[in-house]
A.B. asks: 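Here it is: the structure, laid out below.
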Amino acid sequence: MYSAPKGTHDLLPEDLATWHMVENTARSVLEAANFHEIRTPVFESTELFARGVGESTDIVNKEMYSFEKGDRSLTLRPENTAGVVRAYNQHGMDRWPKPVKLYYLGPMFRYERPQAGRQRQFHQLGAELFGLDTPQADAAVILIAMQLFQKLEIPGLALEINNVGCFQCRADFREQLRQVLAPYLGELCGDCNQRYHTNPLRMLDCKNPNCKAIYQKPEVQAFLSQDNTCGECKTHFDSLLGILESLAIPYHHNRMLVRGLDYYTRTVFEITSNHLGAQNAVCGGGRYNGLVKELGGKDTPAVGWALGMERLVSLVKKVEKQAPAYYIASDDVAAALTLAQSIQAAGFATVEVDLSGKNLGKQITQANKLNAQTVLVLGESERAEGSVTIKNMQTGEQQTLPVEAFLKTLAPHSNPAAVV
RNA sequence: GCGAUCGUAGCCUAGUGGUUAAGGCCCCUGAUUGUGGUUCAGGUUAUCGUGGGUUCGAAUCCCAUCGGUCGCCCCA
């Protein structure tokens, strides 16, 4: 007997009822804002992620599922922004009317130790907006995520937001930060000493209590609180905060927030839930003005987010699997199948045909197990007179009507094109 | 990669060194060949995660390993 690989899960019909509701809600919210879906391959060249996500990131360093085929190295996508940017460049989307607004939904793969809210195969829904460098664009993108969460009635959410600056001022800031933290290197943990050289911004996010205490020291905090980004970045961020306020979106400016992907510039944000486990971010994103160019395209600003479907679905009220509207019980399976076709042509309804040929009592028992709302009895006498007996399973009441009359009671097809 | 914790049928649980591993749910059959839910009778499903060790004897004790869950790291 086999079981699904570590860190992967089967999604069963009872799970997918909720997933479908979440997916449909997400599509409607995104498409209402004129975002359009894009589907990119599940694997891309390894180099795309190395360059796109960043050589110094954990994702690239230890979490990628990579494999060799022929003389090329391929990788199962650990995230989808790099793939979408690759497609943006490949298909000349810089010539599309701006902004270009895309969303995606699909499985991602990261080789990590599974825990609550973390799997090796998981699903992300993401939205990306290309071609605008304005704080309004940042706000619009954040607003959409908020609207989605609101529609899904997700409780206990908080928006954490920060400004990590542009490539120019971030380099300056890094240097200054190194100077501020240099005296404490001896007391800081090994990871932080490592990060001091590779990516000092990430030090601030360290969970080690010792390190945390050091970063809370007045000298360090004083440096951090003065907003060390350049004038343009600062203006951009202040303006964004103002827009969020006017949109009545509550936020927490968390100066320690740094994202683990290298491509972010200026705005980064995370939406967390207090109903999740240790992995409490439902949604993360930010601005990535350098990525399109980095991956070989025209210099194009962009902003976006990705949310974890498993985490999101776990926060949503469960949706029950749909029960059939009609259950056809008959000793003549061919006649039952014909009636089912007539029902589906006349109106949209789920129909289950009993294929067993067992006696009527067994067939109704089966209908009851499946929670069918209505049983249609098509027995010898009904067939003889071209009628059907309609039994309401809730009340037990039943009546016999001519088949034609019964079909007229059905709601007409909402989509006539779907009628075969 | 590190740490904690748990593995008995599809699911839940009993059994804590001594026959053939017990019960509930689910599923199947019958009571019941034109009317369900209740009830009753019966049935299928477990090399007790796997491998090794201790013992006259192991689901039970020990070691290893695999898997689940949770946490660290990091992220959605």
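Quick note: numbers below take in every heavy atom, side chains included, and nothing from hydrogens, waters or symmetry partners. Throughout, protein chains are lettered first and strands after them, A, B, ... in sequence-line order, and every chain is numbered starting at 1.
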A.B. asks: Quote, to the nearest angstrom, the P distance that separates A14(B) from C27(B).
C.D. replies: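 These two P atoms come out 24 Å apart once rounded.
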
A.B. asks: Asp10(A) CG to C11(B) P: how many Å, rounded?
C.D. replies: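 Asp10(A) atom CG is separated from C11(B) atom P by 13 Å.
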
A.B. asks: Heavy atoms from C-beta onward define the side chain here; which of G67(B), G71(B), U69(B) lies closest to that of Gln115(A)?
C.D. replies: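 For Gln115(A), the side-chain atoms sit closest to G71(B).
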
A.B. asks: Under 6.0 Å between ring centres, would you say that holds for Trp19(A) and His123(A)?
C.D. replies: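 Yes, they do, as the ring centres are separated by less than 6.0 Å.
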
A.B. asks: Once salt bridge (charged side-chain N to carboxylate O under 4.0 Å, His left out) is applied, what residue pairs with a partner in residues 151-178 of chain A remain, sequence neighbours excluded?
C.D. replies: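 Found Glu175(A)-Arg178(A).
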
A.B. asks: Can you see whether Phe109(A) has Arg120(A) sitting over its ring - NZ or CZ less than 6.0 Å from the centre and within 45° of the normal?
C.D. replies: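 Because its charged atom misses either the 6.0 Å distance or the 45° angle limit, Arg120(A) does not stack over Phe109(A).
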
A.B. asks: Strictly by salt bridge (charged side-chain N to carboxylate O under 4.0 Å, His left out), give each pair with a member in residues 396-410 of chain A just once, sequence neighbours left out.
C.D. replies: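 Every pair satisfying salt bridge (charged side-chain N to carboxylate O under 4.0 Å, His left out) with a residue in residues 396-410 of chain A: there are none.
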
A.B. asks: Taking only residues two or more places apart in sequence, or in another chain, which ones meet Tyr196(A) in a ring-ring contact (aromatic ring centres under 6.0 Å, His included)?
C.D. replies: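 Result, ring-ring contact (aromatic ring centres under 6.0 Å, His included) vs Tyr196(A): none returned.
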
A.B. asks: May I have the distance from Lys6(A) (atom NZ) to C70(B) (atom P), rounded to whole angstrom?
C.D. replies: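 Answer to the nearest Å: 13 Å.
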
A.B. asks: Side chain of Lys358(A) only, heavy atoms from C-beta on: which candidate in U29(B), G71(B), G67(B) is closest?
C.D. replies: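 Minimum distance to the Lys358(A) side chain belongs to U29(B).
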
A.B. asks: Measure from CG on Leu312(A) to C1' on A76(B) and round the result to the nearest Å.
C.D. replies: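 So the CG-C1' distance, Leu312(A) to A76(B), works out to 10 Å.
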
A.B. asks: Between Lys362(A) and Gln119(A), just flag the one whose closest nucleotide in RNA chain B comes earlier from the 5' side.
C.D. replies: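 It is Lys362(A), whose closest nucleotide lies nearer the 5' terminus.
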
A.B. asks: Distance check, P atoms only: G10(B) and U45(B), in whole angstrom units.
C.D. replies: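 Per the computed distance, 11 Å lies between those P atoms.
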
A.B. asks: In whole Å, what separates the C1' atom of C48(B) from that of C72(B)?
C.D. replies: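 Looking at atom C1' only, C48(B) and C72(B) are 33 Å apart.
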
A.B. asks: Under a 3.5 Å threshold, yes or no: a donor from one side chain and an acceptor from the other, between Asn80(A) and Thr40(A)?
C.D. replies: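 Yes, a side-chain donor-acceptor pair sits under 3.5 Å.
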
A.B. asks: How about Phe223(A) and Tyr215(A): are their ring centroids closer than 6.0 Å?
C.D. replies: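 Ring-ring flag for Phe223(A)/Tyr215(A): false, centres at least 6.0 Å apart.
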
A.B. asks: Going by number, which of residues 279-289 of chain A have a non-hydrogen atom under 4.0 Å from RNA chain B?
C.D. replies: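 Nucleic-acid contacts, sorted: Gln279(A), Ala281(A), Val282(A), Cys283(A), Gly284(A).
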
A.B. asks: Determine which bases of RNA chain B form Watson-Crick or G-U wobble pairs with both distances under 3.5 Å, and write the result as a 5' to 3' dot-bracket string with | for other-strand partners.
C.D. replies: ((((((((.[[[[.)..(...]]]].(((((.......))))).....[[[[[..)....]]]]])))))))....

A.B. asks: Check nucleotides 33-40 of chain B for protein N or O atoms closer than 3.5 Å to its own N or O atoms and list the pairs.
C.D. replies:
| unit_1 | atom_1 | unit_2 | atom_2 | d |
| --- | --- | --- | --- | --- |
| G34(B) | O6 | Glu380(A) | N | 2.7 |
| G34(B) | O6 | Ser381(A) | N | 2.7 |
| G34(B) | O6 | Ser381(A) | OG | 2.9 |
| G34(B) | O6 | Glu382(A) | OE1 | 3.4 |
| G34(B) | N1 | Ser381(A) | OG | 3.1 |
| G34(B) | N1 | Glu382(A) | OE1 | 2.7 |
| G34(B) | N1 | Glu382(A) | OE2 | 3.4 |
| G34(B) | N2 | Glu382(A) | OE2 | 2.6 |
| U35(B) | O2 | Lys391(A) | NZ | 3.3 |
| U35(B) | O2 | Gln398(A) | OE1 | 3.4 |
| U35(B) | N3 | Gln398(A) | OE1 | 3.0 |
| U35(B) | N3 | Gln398(A) | NE2 | 3.3 |
| U35(B) | O4 | Gln398(A) | NE2 | 3.0 |
| G36(B) | N1 | Met393(A) | O | 2.6 |
| G36(B) | N2 | Asn368(A) | OD1 | 2.6 |
| G36(B) | N2 | Met393(A) | O | 3.1 |
| G36(B) | N3 | Asn368(A) | OD1 | 3.3 |
| G37(B) | O4' | Asn368(A) | ND2 | 3.1 |

A.B. asks: For nucleotides A9(B) and A46(B), find the distance between their C1' atoms and express it as a whole number of Å.
C.D. replies: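 Going atom to atom, C1' in each nucleotide, I get 5 Å.
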
A.B. asks: If you measure from the P atom in C25(B) to the same atom in U16(B), how many Å do you get, rounded?
C.D. replies: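 My reading of the P atoms in C25(B) and U16(B) gives 24 Å.
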
A.B. asks: Output the rounded distance in Å from CZ (Arg113(A)) to P (G1(B)).
C.D. replies: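 To the nearest whole Å, that distance equals 7 Å.
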
A.B. asks: Quick check: do Leu157(A) and Ile154(A) have side-chain heavy atoms less than 4.5 Å from each other?
C.D. replies: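 When only atoms from C-beta onward are counted, Ile154(A) and Leu157(A) do touch, with a gap below 4.5 Å.
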
A.B. asks: Taking atom P in both C62(B) and U5(B), what distance in whole Å separates the two?
C.D. replies: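 Comparing P positions in C62(B) and U5(B) gives a spacing of 13 Å.
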
A.B. asks: Rounded to whole Å, how long is the line connecting atom CZ of Arg118(A) with atom P of G71(B)?
C.D. replies: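 The answer, rounded to whole Å, is 9 Å.
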
A.B. asks: Considering every strand and a 4.0 Å limit on heavy-atom distances, what is the contact class for Gly126(A): base, sugar-phosphate, or nothing?
C.D. replies: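 Result for Gly126(A) = nothing.
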
A.B. asks: Kindly say if Lys369(A) contacts the phosphate of C28(B), meaning a side-chain N or O under 4.0 Å from OP1 or OP2.
C.D. replies: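 For C28(B), OP1 or OP2 has a side-chain N or O of Lys369(A) closer than 4.0 Å.
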
A.B. asks: With rounding to the closest Å, how many angstrom separate the C1' atoms on U8(B) and G42(B)?
C.D. replies: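 Looking at atom C1' only, U8(B) and G42(B) are 25 Å apart.
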
A.B. asks: Check this for me: does any side-chain nitrogen of one of Arg27(A) and Glu37(A) sit under 4.0 Å from a carboxylate oxygen of the other?
C.D. replies: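 A salt bridge is present here (some side-chain N lies under 4.0 Å from a carboxylate O).
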
A.B. asks: Is a side-chain donor-acceptor pair under 3.5 Å present for Asp354(A) with Tyr327(A)?
C.D. replies: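 There is such a pair between these side chains.
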
A.B. asks: Which is true for Glu112(A) with a 4.0 Å heavy-atom rule: it touches a base, it touches only sugar-phosphate, or it touches nothing?
C.D. replies: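 Base, at least one base atom sits under 4.0 Å.
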
A.B. asks: Under 4.0 Å between a side-chain N or O of His9(A) and OP1 or OP2 of G67(B)?
C.D. replies: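 Looking at the OP1 and OP2 atoms of G67(B), neither is under 4.0 Å from any side-chain N or O of His9(A).
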
A.B. asks: Find which nucleotide of RNA chain B each of Thr57(A) and Tyr111(A) is nearest to by heavy atoms, and output the residue with the more 5' nucleotide.
C.D. replies: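 Whichever sits nearer the 5' end wins; that is Tyr111(A).
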
A.B. asks: With heavy atoms under 4.0 Å as the rule, sort Ala116(A) into base, sugar-phosphate or nothing.
C.D. replies: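 Answer is sugar-phosphate: Ala116(A) comes under 4.0 Å of backbone atoms only.
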
A.B. asks: For Glu14(A) and C11(B), what is the distance between atoms CD and C1' respectively, to the nearest whole Å?
C.D. replies: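 Rounded to the whole Å, the gap is 11 Å.
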
A.B. asks: To the nearest angstrom, how far is Leu315(A) atom CG from A76(B) atom C1'?
C.D. replies: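 In whole Å, A76(B) C1' lies 12 Å from Leu315(A) CG.
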
A.B. asks: Distance alone, cut at 3.5 Å: any donor-acceptor contact between the side chains of Gln366(A) and Ser356(A)?
C.D. replies: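 Side chains of Gln366(A) and Ser356(A): no pair found under 3.5 Å.
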
A.B. asks: Could you tell me whether Arg266(A) and Asp138(A) make a salt bridge, using a distance below 4.0 angstrom between a side-chain N and a carboxylate O?
C.D. replies: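 Answer for the salt bridge query: no.
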
A.B. asks: Could you tell me how far G15(B) sits from A4(B) if I compare only their C1' atoms? Round to whole Å.
C.D. replies: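 So the two C1' atoms sit 26 Å from each other.
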
A.B. asks: Hydrogens and angles aside, do His236(A) and Asp238(A) bring a side-chain donor and acceptor to less than 3.5 Å of each other?
C.D. replies: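 Per modelled atom types, His236(A) and Asp238(A) side chains form no pair under 3.5 Å.
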
